[in-house]
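What you see is a predicted model, and the numbers here were worked out from it, not measured in a lab.
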Amino acid sequence: MRSYQRFACASLSVLAIGLGGCQGYVKKADFDAAINDLRSTQQKQQQEIDGLTQQMQQKFAQYDAKIAEMNGRIRVDTVSHFAFNSSSLRDEDKPMLDDFAKIMSKNYPQAVITVEGFADSAGGKAYNYRLAHKRADAVRDYLVSAGMSSDQLHSVSYGKATNRQVLKGKSGDDGQPNRRVSLVVDFAGTEAQAQQSQAAPQG
């Protein structure tokens, strides 16, 4: 909710300046109306995020993935695991990625997805950074092939950052939980916008 609060404060400041104009003051009725509009927008956005979280929890219950809502974002952790020293996507992880792509491209085409790549503790820092980035890129590319827009997706690497490891210091057979990719939905968009864009006549 903090991100929404910051957005609301910034929007309110701009709105107050606009409403005040050259008169140097804002009418209370206009000020109250502006606050109510911002609150309504904030509540609507939160409802959309809550709805998407619930939809994902129901759809992904069959997979080894955790869905969490945090600070106005949705984290899907984790969607893919990798073999040691590999960035090849496993076949068993593809069905969930297919479902994710269907949900997002159909209902939330305005969503911005961060694809996060991770590595275990074996090997050097620079090498693991590159390896984790290749893993994130592999998932991103698969989501694009499954129907998502490349503009919606960007990949980042956390390498073997200890504060992001599931099992700190583990590698090899014990470190598979650390060799992973997670997805973060930064902005859910609106289902209404998606339905309107799909229904719009083609020129």
Side-chain angles (χ1 to χ4, degrees), residues 49 52-189 194:
I49 289 175
L52 179 55
T53 301
Q54 184 177 13
Q55 186 178 5
M56 285 186 175
Q57 287 172 338
Q58 294 172 348
K59 187 70 174 179
F60 299 155
Q62 59 183 308
Y63 303 113
D64 181 22
K66 297 178 181 178
I67 313 298
E69 187 178 319
M70 44 185 278
N71 295 329
R73 298 183 302 170
I74 300 171
R75 171 177 289 278
V76 186
D77 193 16
T78 56
V79 297
S80 301
H81 289 95
F82 295 83
F84 183 76
N85 200 33
S86 172
S87 59
S88 297
L89 191 60
R90 305 183 308 172
D91 288 338
E92 55 262 44
D93 292 328
K94 294 178 180 179
M96 180 179 172
L97 293 173
D98 289 334
D99 286 340
F100 180 86
K102 288 176 184 176
I103 290 174
M104 301 310 298
S105 59
K106 179 180 179 181
N107 300 317
Y108 303 94
Q110 304 302 317
V112 176
I113 314 299
T114 302
V115 186
E116 300 179 338
F118 303 89
D120 63 26
S121 60
K125 182 177 180 180
Y127 179 83
N128 276 295
Y129 179 85
R130 293 191 299 270
L131 179 59
H133 214 296
K134 288 180 181 178
R135 289 168 176 168
D137 287 344
V139 171
R140 180 202 61 196
D141 293 345
Y142 186 85
L143 290 173
V144 171
S145 72
M148 292 190 68
S149 169
S150 59
D151 294 336
Q152 291 181 267
L153 299 155
H154 65 277
S155 56
V156 299
S157 173
Y158 288 94
K160 64 173 188 175
T162 55
N163 64 326
R164 302 301 296 267
Q165 289 183 355
V166 177
L167 299 176
K168 292 185 178 181
K170 297 295 184 180
S171 61
D173 293 340
D174 295 331
Q176 189 182 57
N178 294 331
R179 301 189 296 271
R180 71 196 194 280
V181 165
S182 296
L183 302 173
V184 177
V185 182
D186 293 307
F187 176 64

List the residues meeting salt bridge (Lys or Arg N to Asp or Glu O under 4.0 Å) with Arg164, not counting sequence neighbours, and say none if there are none.
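For Arg164 the salt bridge (Lys or Arg N to Asp or Glu O under 4.0 Å) partners, ignoring immediate neighbours, are Glu116.
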What residue pairs, at least two apart or across chains, pass side-chain hydrogen bond (donor to acceptor under 3.5 Å, both in side chains) with a residue in residues 168-180?
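Every pair satisfying side-chain hydrogen bond (donor to acceptor under 3.5 Å, both in side chains) with a residue in residues 168-180: Asp120-Arg179.
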Would a 4.5 Å heavy-atom cut-off, applied to side chains only, mark [X] and [Y] as touching?
X: Val184; Y: Ile74; answer: no
X: Gln165; Y: Ser121; answer: yes
X: Ser182; Y: Arg75; answer: yes
X: Leu183; Y: Val115; answer: yes
X: Asp186; Y: Ile113; answer: no
X: Phe100; Y: Val76; answer: yes

To the closest 0.5 Å, what do you measure between [atom1] ([X]) and [atom2] ([Y])?
X: Lys94; Y: Ser145; atom1: NZ; atom2: OG; result: 8.5 Å
X: Met148; Y: Leu97; atom1: CE; atom2: CG; result: 10.5 Å
X: Ser105; Y: Gln152; atom1: OG; atom2: CD; result: 7.5 Å
X: Lys134; Y: Ser88; atom1: NZ; atom2: OG; result: 10.0 Å
X: Leu153; Y: Met104; atom1: CG; atom2: CE; result: 9.0 Å
X: Asp98; Y: Ile103; atom1: CG; atom2: CD1; result: 11.5 Å

Could you name each residue pair satisfying salt bridge (charged side-chain N to carboxylate O under 4.0 Å, His left out) that touches residues 139-155, not counting sequence neighbours?
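Listed by first then second residue: Asp137-Arg140.
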Contacts of type ring pair (Phe, Tyr, Trp, His ring centres under 6.0 Å), residue Phe82, not counting sequence neighbours:
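Partners of Phe82 by the ring pair (Phe, Tyr, Trp, His ring centres under 6.0 Å) criterion come out as none, since no residue qualifies.
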side-chain contact (heavy atoms from CB on, under 4.5 Å) partners of Ala138, counting only residues at least two apart
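Listed in chain order: nothing, the list is empty.
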Pair listing, ring-ring contact (aromatic ring centres under 6.0 Å, His included) test, anchored in residues 124-158, at least two apart:
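Qualifying pairs: Phe118-Tyr158.
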[X] and [Y]: which non-hydrogen atoms are nearest, and at how many Å?
X: Ala122; Y: Asn128; answer: O-ND2, 2.6 Å
X: Leu167; Y: Pro177; answer: CD1-CG, 3.8 Å
X: Ser150; Y: Val144; answer: CA-CG2, 3.9 Å

Donor-acceptor pair, distance only, cut-off 3.5 Å: does the side chain of Lys125 make one with the backbone of Lys160?
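No: the side chain of Lys125 does not pair with the backbone of Lys160.
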What's the verdict on side-chain contact (heavy atoms from CB on, under 4.5 Å) for Asn85 and Leu131, showing C-alpha distance, side-chain angles and the deciding distance?
CA-CA 8 Å; Asn85 200 33; Leu131 179 59; 4.2 Å; yes
